[in-house]
Enquirer: 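Below is the structure I would like to discuss, written out as structure tokens.
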Amino acid sequence: VYLGKAIETVLPPDTARIFAHAMEKAFETGKVQHLEYDLFINSKVRHYESRMVRSSSDEVIILVRNVTREHENQRKIRRYQRELEEKIAARNADLSAAERLYRDIFNHSGSPALIIEHDLTISMANPKFEELTGYSRQEIISARKWPDFVHPDDRDMVIRYHFARRSGNSQTPPEYECRLQDRNRNLKNVLIKVGLLSHPGQSIAAITDVTWLKKTEKQLRDRETLYSAILEGYEGFLYTIDQGYVIRFMNENLIRDTGANVTGQVCYEALYQK
């Protein structure tokens with residue numbers, strides 16, 4: 001549908017200008033250009049990211065990926081964090097006066113949550129934390145300490161933050177990432193949001209399971225590394241063709257192997273009939 005058409009005719013003017021600028025930089029620098037943009041399709045906003053790299057003196061290769069779902073998930077996480085911060089601030093104002101309401105909200109929270117004492121003992125755990133870890137509340141409350149659920153490599157950090165927060169250290173992060181182990185020793189990547197309560201030494205920890213997000217980030221990094229390796233330093237044979245099977249680009253290894261630069265010729269005649 002879009003073959004042979006100018007970018008300005010298939011993209012909104014602002015997006016087309018961004019594309020054109022990125023293409024110019026790709027031609028000038030030879031480096032991979034990354035760009036993010038939104039398109040209004042079927043009455044909905046879609047988010048995309050593109051990576052482009054020069055493949056010849058008059059052509060760039062552009063890889064486009066729809067990242068709408070990742071954007072929506074990130075917005076949900078940020079919205080939940082804001083809501084959680086508001087709830088924690090409201091409860092901290094007068095926890096004792098709102099004890100019954102607080103417990104109801106705590107137990108029916110949509111995410112795992114804990115009340116942690118000064119000595120690291122867990123004094124409250126909601127059903128979502130049971131679901132996350134595979135342990136019952138009877139096995140958790142007053143029976144286990146918070147670091148027992150943390151991966152051994154992350155325990156020192158978690159314990160250090162715990163006591164630094166209670167000593168009034170302003171440098172202690174209010175949220176951090178670590179790894180938890182469930183009953184079957186499966187690892188979970190989680191984001192911990194911690195706030196001190198009015199009761200001395202107590203804190204509330206709200207947990208967001210971001211294992212899927214970490215996997216997505218790793219997949220994106222792996223793909224980016226793969227694309228960069230292929231496009232910028234591929235050691236095998238690489239060529240690109242247009243719709244009519246005419247060779248538009250050949251890498252140096254393929255030119256050396258064929259003994260000639262056959263760009264502009266039909267691929268199956270130039271490469272496969274020898």
Enquirer: Please tell me whether Met52 and Val10 are part of a single hydrophobic cluster in this structure, the criterion being side-chain heavy atoms less than 4.5 Å apart.
Expert: yes

Enquirer: What pair of heavy atoms forms the shortest contact from Cys178 to Ile192, and how long is it?
Expert: SG-CG1, 4.0 Å

Enquirer: When the ring planes of Tyr37 and Phe19 are compared, do they come out parallel, tilted or perpendicular, using 30° and 60° as the limits?
Expert: perpendicular

Enquirer: What pair of heavy atoms forms the shortest contact from Leu132 to Asp182, and how long is it?
Expert: O-CB, 3.7 Å

Enquirer: Using 0.5 Å steps for rounding, measure from the CD1 atom of Ile62 to the CG atom of Leu35.
Expert: 8.5 Å

Enquirer: With rounding to the nearest 0.5 angstrom, report the OG1 to CG distance, Thr133 to Leu180.
Expert: 8.5 Å

Enquirer: Using the rule that two of Ile, Leu, Val, Met, Phe, Trp, Tyr join whenever any of their side-chain heavy atoms come within less than 4.5 Å, decide whether Leu187 and Trp212 are in one cluster.
Expert: no

Enquirer: Without swapping roles, check the side chain of Asp209 against the backbone of Thr211 for a donor-acceptor pair under 3.5 Å.
Expert: yes

Enquirer: Treating Ile, Leu, Val, Met, Phe, Trp and Tyr as nodes and any side-chain heavy-atom pair under 4.5 angstrom as an edge, say whether Leu197 and Ile141 lie in one connected cluster.
Expert: no

Enquirer: Could you tell me how the ring of Phe163 sits relative to the ring of His118: parallel (under 30°), tilted (30 to 60°) or perpendicular (over 60°)?
Expert: perpendicular

Enquirer: Counting only heavy atoms from other residues, nucleotides and ligands, does the tally under 6.0 Å from CZ of Arg185 exceed 12?
Expert: no

Enquirer: Given side-chain contact (heavy atoms from CB on, under 4.5 Å), test Lys193 with Glu85 step by step and report yes or no.
Expert: CA-CA 9 Å; Lys193 178 77 175 181; Glu85 289 169 359; 2.9 Å; yes

Enquirer: How far apart are the C-alpha atoms of Ser167 and Asn169, what are their side-chain angles, what is the distance that settles it, and do they pass the side chain to side chain donor-acceptor pair (under 3.5 Å) test?
Expert: CA-CA 6 Å; Ser167 69; Asn169 187 338; 5.3 Å; no

Enquirer: Minimum heavy-atom separation for Gly134 to Arg183, with atom names?
Expert: O-NH1, 3.3 Å

Enquirer: Verify side-chain contact (heavy atoms from CB on, under 4.5 Å) between Met250 and Thr258, making sure each step is shown before the conclusion.
Expert: CA-CA 10 Å; Met250 299 173 60; Thr258 58; 3.8 Å; yes

Enquirer: With no hydrogens and no angle check, is any side-chain donor or acceptor of Ser203 less than 3.5 Å from a backbone partner on Gly195?
Expert: no

Enquirer: Enumerate the salt bridge (Lys or Arg N to Asp or Glu O under 4.0 Å) contacts for residues 7-18, please, sequence neighbours excluded, ordered by first and then second residue.
Expert: Asp14-Arg17

Enquirer: Could you tell me whether a side-chain N or O of Glu130 sits under 3.5 Å from a main-chain N or O of Arg137, the two making a donor and an acceptor?
Expert: yes

Enquirer: As a quick check of understanding, evaluate salt bridge (Lys or Arg N to Asp or Glu O under 4.0 Å) for Arg248 and Asp242, giving each step before the final call.
Expert: CA-CA 7 Å; Arg248 297 288 296 165; Asp242 62 18; 5.0 Å; no

Enquirer: One pair to check against side-chain contact (heavy atoms from CB on, under 4.5 Å): Lys145 and His162. What are the steps and the verdict?
Expert: CA-CA 12 Å; Lys145 295 193 174 185; His162 176 86; over 6 Å; no

Enquirer: Just do the side-chain contact (heavy atoms from CB on, under 4.5 Å) check on Thr263 and Tyr239 with the steps written out, would you?
Expert: CA-CA 9 Å; Thr263 302; Tyr239 67 93; over 6 Å; no

Enquirer: List the steps and the verdict of salt bridge (Lys or Arg N to Asp or Glu O under 4.0 Å) for Lys25 and Glu28.
Expert: CA-CA 5 Å; Lys25 290 189 67 176; Glu28 291 173 1; over 6 Å; no

Enquirer: Report whether Val45 and Leu11 are members of the same hydrophobic cluster (ILVMFWY, side-chain heavy atoms less than 4.5 Å apart, transitive linking).
Expert: no

Enquirer: What's the shortest heavy-atom distance between Arg144 and Phe149, and which atoms?
Expert: CD-CZ, 3.5 Å

Enquirer: Tell me whether Glu131 is salt-bridged to Lys128, with the criterion being a basic N under 4.0 Å from an acidic carboxylate O.
Expert: yes

Enquirer: Look at the side chain of Arg51 and the backbone N and O of His34, then say whether any donor-acceptor pair between them is shorter than 3.5 Å.
Expert: no

Enquirer: Are any of the side-chain heavy atoms of Gln81 and Leu191 separated by less than 4.5 Å?
Expert: yes

Enquirer: Tell me whether Asn184 contacts the main-chain N or O of Asn186 through its side chain, where contact means a donor paired with an acceptor under 3.5 Å.
Expert: no

Enquirer: Give, for atom CD of Glu139 and atom CG of Asp148, the distance between the pair rounded to the nearest 0.5 Å.
Expert: 12.5 Å

Enquirer: Using salt bridge (Lys or Arg N to Asp or Glu O under 4.0 Å) as the criterion, list what pairs up with Glu36, not counting sequence neighbours.
Expert: none

Enquirer: For Pro147 and Arg155, work out which heavy atoms get closest and say how close.
Expert: O-NE, 3.0 Å

Enquirer: So, taking the atom named OG in Ser56 and the one named CD1 in Ile247, what distance separates them when rounded to the nearest 0.5 Å?
Expert: 12.5 Å

Enquirer: Do the non-hydrogen side-chain atoms of Lys188 and Arg179 ever get within less than 4.5 Å of each other?
Expert: no

Enquirer: Rounded to the nearest 0.5 Å, how far does CE of Met23 lie from CD of Glu59?
Expert: 9.5 Å

Enquirer: If I compare all heavy atoms of Ala113 with all of Asn126, which pair ends up nearest, and what's the gap?
Expert: N-OD1, 3.0 Å

Enquirer: Okay, side chain of Arg166, backbone of Gly201: is any donor-acceptor separation there less than 3.5 Å?
Expert: yes

Enquirer: Nearest 0.5 Å please: distance from the CZ atom of Phe237 over to the CZ atom of Arg256.
Expert: 9.0 Å

Enquirer: Examine Leu63 and Val67 and state if one hydrophobic cluster contains both, with Ile, Leu, Val, Met, Phe, Trp and Tyr joined whenever side-chain heavy atoms are less than 4.5 Å apart.
Expert: no

